[in-house]
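To start, the structure itself, in structure tokens.
Everything numeric in this text was worked out from a predicted model, so none of it was measured. Below, chains carry the letters A, B, ... as their sequence lines are ordered, and counting in each starts from 1.
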There are 2 protein chains.
Amino acid sequence: MPGPRRSITETEQAIQRRLGGLTLQREAMAAVGNIHRAAAAVRQHLENSVLRPHELTWTGFVVLWVLWIWGEAETWSVAEEAGISKGTLTGISRTLESRGLVVRSAHPEDRRRVLLSLSPQGEKLMEELFPAFNEEEAFVAAPLGPEECLRLAESLRAIVSRLEEHGEQRRRELLDGENLAPRRSGRRPRP
Amino acid sequence: MPGPRRSITETEQAIQRRLGGLTLQREAMAAVGNIHRAAAAVRQHLENSVLRPHELTWTGFVVLWVLWIWGEAETWSVAEEAGISKGTLTGISRTLESRGLVVRSAHPEDRRRVLLSLSPQGEKLMEELFPAFNEEEAFVAAPLGPEECLRLAESLRAIVSRLEEHGEQRRRELLDGENLAPRRSGRRPRP
DNA sequence: CTCATATCGTTTGACATCAAACGACTACCC
DNA sequence: GGGTAGTCGTTTGATGTCAAACGATATGAG
């Protein structure tokens with residue numbers, strides 16, 4: 001870490017100064033802001049400690065993890081669990097398959113669908129990787145202690161559940177009137 | 001939300017089954033796993049509610065936010081605060097500059113450096129965008145209540161601080177012996 | 001002054017990422 | 001049994017992402 005990086009405390013003080021006048025929900029802002037800071041910091045650490053020696057990207061690992069936990073699954077379900085779009089999963093699973101970690105097989109009853117599962121080699125990798133990964137999870141969470149970890153997990157779970165249950169409706173309400181132009185990027189209709 | 005998505009509770013039960021045999025730090029795993037689930041869910045919600053009508057990406061917004069809070073800053077510092085690499089920032093600031101939201105100016109004493117700041121237009125956008133953004137932060141954090149928000153923020157801050165203080169050393173220890181091949185992707189040395 | 005070394009932001013190449021468009025396929029209706 | 005409406009995974013195009021290489025500039029030593 002080379003430069004004089006601003007600490008998280010300094011950042012929060014600067015926010016206070018900047019927002020001196022405005023009336024805002026400071027608690028929610030602190031919580032949500034720190035979720036992202038923590039997620040980025042933890043992801044960076046895990047990528048550069050556990051994953052890099054195996055040349056695995058974060059998302060690649062998440063996909064392997066999903067298949068390890070849930071076993072063989074259809075692609076749409078894997079994308080959902082991994083939190084990525086189905087288009088992204090196409091690329092990821094292509095990469096993982098080329099490395100021999102994942103097997104793609106046809107659905108027996110519907111030729112549109114594809115089933116993903118771990119290869120024996122992928123299974124073996126996860127058995128080695130997961131304990132190391134968990135070791136680093138414990139390292140980053142060390143200052144918290146078991147009880148605080150569980151309370152943290154519980155609070156975060158409440159946020160995820162809220163969005164699972166009410167997020168889509170909320171977005172509909174917010175954007176109802178507004179005419180959403182189609183995304184600027186993405187495939188173009190043929191002329 | 002089309003398909004029968006697995007809930008976060010179902011996921012945690014599946015993890016329990018899969019890891020029945022192994023000895024693991026379950027509390028840390030639950031905490032860290034939920035940090036990422038929550039971060040992804042919240043980011044998705046904010047992108048698709050507040051940011052999309054303005055055609056802003058998440059990272060673009062974060063960069064604007066950093067400049068808004070801190071004022072004019074050098075690029076390396078902005079990249080650090082935004083949690084992205086300096087190479088990525090080059091692209092982002094190019095995009096934001098082309099939209100007239102950000103101004104790039106030369107450092108008065110060092111012609112290698114570049115200073116970034118918000119344009120008046122960018123300033124105006126943030127004054128409009130930030131309250132809306134904060135409103136959605138409050139929406140996602142609604143089930144928690146102010147005290148729980150602050151406790152959540154505090155726990156996350158402890159994790160970020162731990163990595164700020166001990167992360168690099170930890171990675172050095174873990175990877176010391178291992179010979180890290182240079183990243184597969186990235187620019188190649190010319191022949 | 002000169003030359004080596006360090007550091008800045010940019011470029012590069014490989015891949016990730018999203019949503020819309022698409023082709024292949026299934027399912028339903030009459 | 002012939003259309004057609006819906007759903008699957010893939011392709012596409014724009015942008016994001018990283019770390020190493022790079023060119024331009026600054027700094028320091030002799």
Donor-acceptor side-chain pairing of B:S85 and B:T88 below 3.5 angstrom | yes
Starting from P on C:dC8, measure out to NZ on B:K86 and report it in whole angstrom.
-> 7 Å
Salt-bridge contact B:E136-A:R170 (side-chain N to carboxylate O under 4.0 Å) = yes
With a 6.0 Å cut-off on ring centres, are A:F139 and A:H45 close enough?
-> yes
Please check the phosphate of C:dC15 (OP1 and OP2 only) for any side-chain N or O of A:T57 closer than 4.0 Å.
-> no
Rounded distance in Å - CD (B:E97) to P (C:dG9) | 15 Å
Please report, rounded to the nearest Å, how far the C1' atom of C:dT17 is from the CZ atom of B:R43.
-> 9 Å
Can you check the A:I92 CD1 to D:dT11 C1' distance for me, whole Å?
-> 16 Å
Tell me: NE2 of B:H107 to P of C:dC8, nearest whole Å?
-> 11 Å
Just to confirm, is there a sub-4.0 Å distance from OP1 or OP2 of D:dT17 to any side-chain nitrogen or oxygen of B:T59?
-> yes
Starting from the 5' end of DNA chain C, give me the residue, B:E47 or B:T90, whose nearest nucleotide shows up first.
-> B:T90
Working to the nearest 0.5 Å, report the span between CZ of B:F61 and CH2 of B:W68.
-> 8.5 Å
Base, sugar-phosphate, or nothing: which does A:L89 touch, judged by heavy atoms less than 4.0 Å apart?
-> nothing
Taking for A:G91 and for A:R113 the nucleotide of DNA chain C with the nearest heavy atom, the one nearer the 5' end belongs to A:G91
Examine C:dA16: is either OP1 or OP2 under 4.0 Å from a nitrogen or oxygen in the side chain of A:T95? Give yes or no.
-> yes
Roughly how many Å is it from CG in B:L56 to C1' in C:dC18, rounded to a whole number?
-> 16 Å
Separation of atom CD in A:E109 from atom P in C:dC25, rounded to whole Å | 17 Å
Can any side-chain N or O of B:S93 pair as donor or acceptor with the backbone N or O of B:L89 at less than 3.5 Å?
-> yes
Under 3.5 Å, is there an N or O donor on one side and an acceptor on the other linking the side chain of B:R111 and the base of D:dT25?
-> no
Under 3.5 Å donor-acceptor pair, B:R112 side-chain atoms to C:dT7 base atoms = yes
Using whole Å, report how far CZ of A:R94 lies from P of C:dT17.
-> 14 Å
Just to confirm, is there a sub-4.0 Å distance from OP1 or OP2 of D:dC18 to any side-chain nitrogen or oxygen of B:S85?
-> yes
